[in-house]
Novice: 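Below is the structure I would like to discuss, written out as structure tokens.
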Amino acid sequence: PNVKLVTSDNEEFVVDFRIAKMSVTVSRLMEAMNMSETDDASLLSNSIPLPNVTKAVMARVIEWCEKHKNDEPKEEKENDKRGRTTHVVSDWDKEFLKNDEFGRLCQLMGAANYLEIKGLFNDISQTIANMIHGKKSDEIAEMFNIHCDLTEAEKKEIRKKTAWCED
Amino acid sequence: MELNIKIYDQNRAILEHEDHISGLPSLCLIEVLKNLTRLDIHNIMTVNKRMHALACDRSLQDVKWKNCFLSIAQTTRGYGFALDVDIVKDYPWGEDPRYIYEIYEDEEGKLVEKWKIIEKCDKDQLPKNIVPHNFNIPNKFFEAIKDILRYHNVENVRIQQCPSNAQFFFQLNDAFSGQRIDRFQCNCMISHLPVSRDTRTWFLKLIKTVKTLDLIYTPQDLVNEQFLCDIAEIGVENFYGDFYGRPPYVRLQYK
């Protein structure tokens, strides 16, 4: 059975029921609309509106879900040399996410968050964390074009508080 | 059927600004920060105001500086502790940082708290041969331990010349909540009364993750036969103690 998903730019995606169920948000909506796997009529007559996801992002989400539709539910973590807890991102996922510009990666993360697709969300959050890891404050700001609204005095104050000392 | 779907403008924000990351919801960014080290989070704090607020989120308190050594001891006037951080290259405040805290009562009976951070210190500078005093450890002392351990993970703890009673161990348990202590050492504990069952119970809770336990120079009545069975059960791999409390010391070690 197939499920129709409609994006914010009115693009309709017809996806396998199993893929639709990978999103907790879509699952809940289907339940609310009494759509079930065994009731073809309910699946045909309804479509799931996804106003927070654009066509381009949805296509990437579906591509990821297609690849992972047979995965066992698991969350692999490991500790790196410095004791950092990291999610294990498979080689396929690394390659998949490498193709996206950073802006698109953020959109994809927003979509994974909204659609509640944990595996995709974890892959992206780990990818962004890897970009930040080991960089200094100004390097992070420069890499992500973040405008710093802190004064030097405020920065000093923050560092002082973090150092937990009087002076 | 009408659906109530919350629409937020994250897509628009991402399209309108080059700063893509700031367009993400706070919860997403916090999840990213959970995959970083404490040093990374420290660096994030001074990126901008929003990042600072996110980096201070309570859910990130499990990301701590590693390999810390905490010494708690009686001082000349009150009680204090010193926290050594042993990851020189990762720490942004110079070499071998040591946090020092002390609490005592001044001449007018007012509580005084002092804390500082020093670098390049002599590791073994805890006060020695202190004349015992009757200053009761106030709650603020344990609050200060809690405060420093929010961002530090202690693997190694040494307690010296502190009261060996249930209240002290109970409050330490609370202060050490969430810590995984690997090595625990108690020296010259002060005990005016026989060690009670409660004292032993709270002490055992305190060392539940400990692999190496050093109780040489600890009041002998803390260690009885039942205590030895209990520490074997909780998985202590190395135990050092002076049986019967008099020389020559019998050092027990089992694996």
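All heavy atoms count here, side chains included; hydrogens, waters and symmetry mates do not. Letters A, B, ... are given to chains in the order of the sequence lines, protein chains preceding strands, and every chain is numbered from 1.
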Novice: Hey, does the side chain of B/Asn35 reach the backbone of A/His87 with a donor-acceptor pair shorter than 3.5 angstrom?
Specialist: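 It does not hold such a pair.
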
Novice: Restricting to non-hydrogen atoms, name the atom on B/Met45 and the atom on A/Leu150 that form the minimum distance, rounded to 0.1 Å.
Specialist: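 So the two residues come closest at O-CD1, 4.0 Å.
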
Novice: Can you name the residues that form a side-chain hydrogen bond (donor to acceptor under 3.5 Å, both in side chains) with A/His68, not counting sequence neighbours?
Specialist: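 A/His68 satisfies side-chain hydrogen bond (donor to acceptor under 3.5 Å, both in side chains) with A/Trp64, A/Asp71, A/Asp93 once adjacent residues are dropped.
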
Novice: Answer whether the closest heavy-atom distance between the side chains of B/Pro25 and A/Asn113 falls below 4.5 Å.
Specialist: yes

Novice: Against chain B, label A/Glu154 side chain, backbone, both or neither, depending on which of its atoms sit under 4.5 Å from a heavy atom there.
Specialist: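 Answer is side chain: those atoms of A/Glu154 sit under 4.5 Å from chain B.
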
Novice: For the OG atom of A/Ser125 and the CG atom of B/Leu24, what is their distance to the nearest 0.5 Å?
Specialist: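 So the gap between those two atoms works out to 10.5 Å.
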
Novice: Look at the side chain of B/Thr46 and the backbone N and O of A/Ser137, then say whether any donor-acceptor pair between them is shorter than 3.5 Å.
Specialist: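 Between the backbone of A/Ser137 and the side chain of B/Thr46 there is no qualifying donor-acceptor contact (under 3.5 Å).
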
Novice: Would you say B/Leu27 has more than 12 foreign heavy atoms packed within less than 6.0 Å of its CG?
Specialist: no

Novice: Is it true that, when you exclude A/Phe17 itself, more than 12 heavy atoms of the residues, nucleotides or ligands shown sit nearer than 6.0 Å to its CZ?
Specialist: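 Counting other residues, nucleotides and ligands, CZ of A/Phe17 exceeds 12 neighbours.
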
Novice: Under 4.5 Å between any side-chain heavy atoms of B/His52 and A/Ile158, yes or no?
Specialist: yes

Novice: If you define the side chain from C-beta out and look only at heavy atoms, does anything of B/Asn43 sit under 4.5 Å from A/Lys135?
Specialist: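 No; the side chains remain at least 4.5 Å from each other.
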
Novice: Side-chain contact, heavy-atom cut-off 4.5 Å: B/Ile21 with A/Phe102?
Specialist: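 Yes, side chains in contact.
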
Novice: Compare every heavy atom of A/Cys106 with every heavy atom of B/His20, then report the nearest pair and how far apart it is.
Specialist: CB-SG, 3.8 Å

Novice: What closest approach, in Å, do A/Ala141 and B/Val47 show between heavy atoms, and which atom pair accounts for it?
Specialist: CB-CG1, 4.2 Å

Novice: With sequence neighbours excluded, give me every side chain to side chain donor-acceptor pair (under 3.5 Å) pair touching residues 174-184 of chain B.
Specialist: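 Matches after skipping sequence neighbours: B/Lys146-B/Asp174.
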
Novice: Taking every heavy-atom pair that is under 4.5 Å apart, which of A/Thr127, A/Ile128, A/Asp138 has the most such pairs with chain B?
Specialist: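 Option with the top pair count is A/Ile128.
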
Novice: Give a yes or no on whether A/Glu142 atom CD has more than 12 heavy-atom contacts from other residues, nucleotides or ligands under 6.0 Å away.
Specialist: no

Novice: Measuring from atom CD1 of A/Ile132 to atom CD1 of B/Ile44, what distance do you get when rounded to the nearest 0.5 angstrom?
Specialist: 4.5 Å

Novice: With rounding to the nearest 0.5 Å, note down the distance linking CD in B/Glu31 to CG in A/Asn122.
Specialist: 7.5 Å

Novice: Is the number of heavy atoms from other residues, nucleotides or ligands under 6.0 Å of A/Lys69 NZ greater than 12?
Specialist: yes

Novice: Given 3.5 Å as the limit, does a donor-acceptor pair link the side chain of B/Asn48 with the main chain of A/Asp149, or not?
Specialist: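 Not at all, since once roles are kept as given, no pair shorter than 3.5 Å links the two residues.
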
Novice: Side chains of B/Cys28 and A/Phe121, heavy atoms from C-beta outward: is any pair under 4.5 Å?
Specialist: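 SC-SC contact between B/Cys28 and A/Phe121 confirmed.
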
Novice: Measure the shortest side-chain to side-chain distance between B/Val32 and A/Met109 over non-hydrogen atoms and say whether it is less than 4.5 angstrom.
Specialist: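 Result yes, sub-4.5 Å side-chain heavy-atom pair found.
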
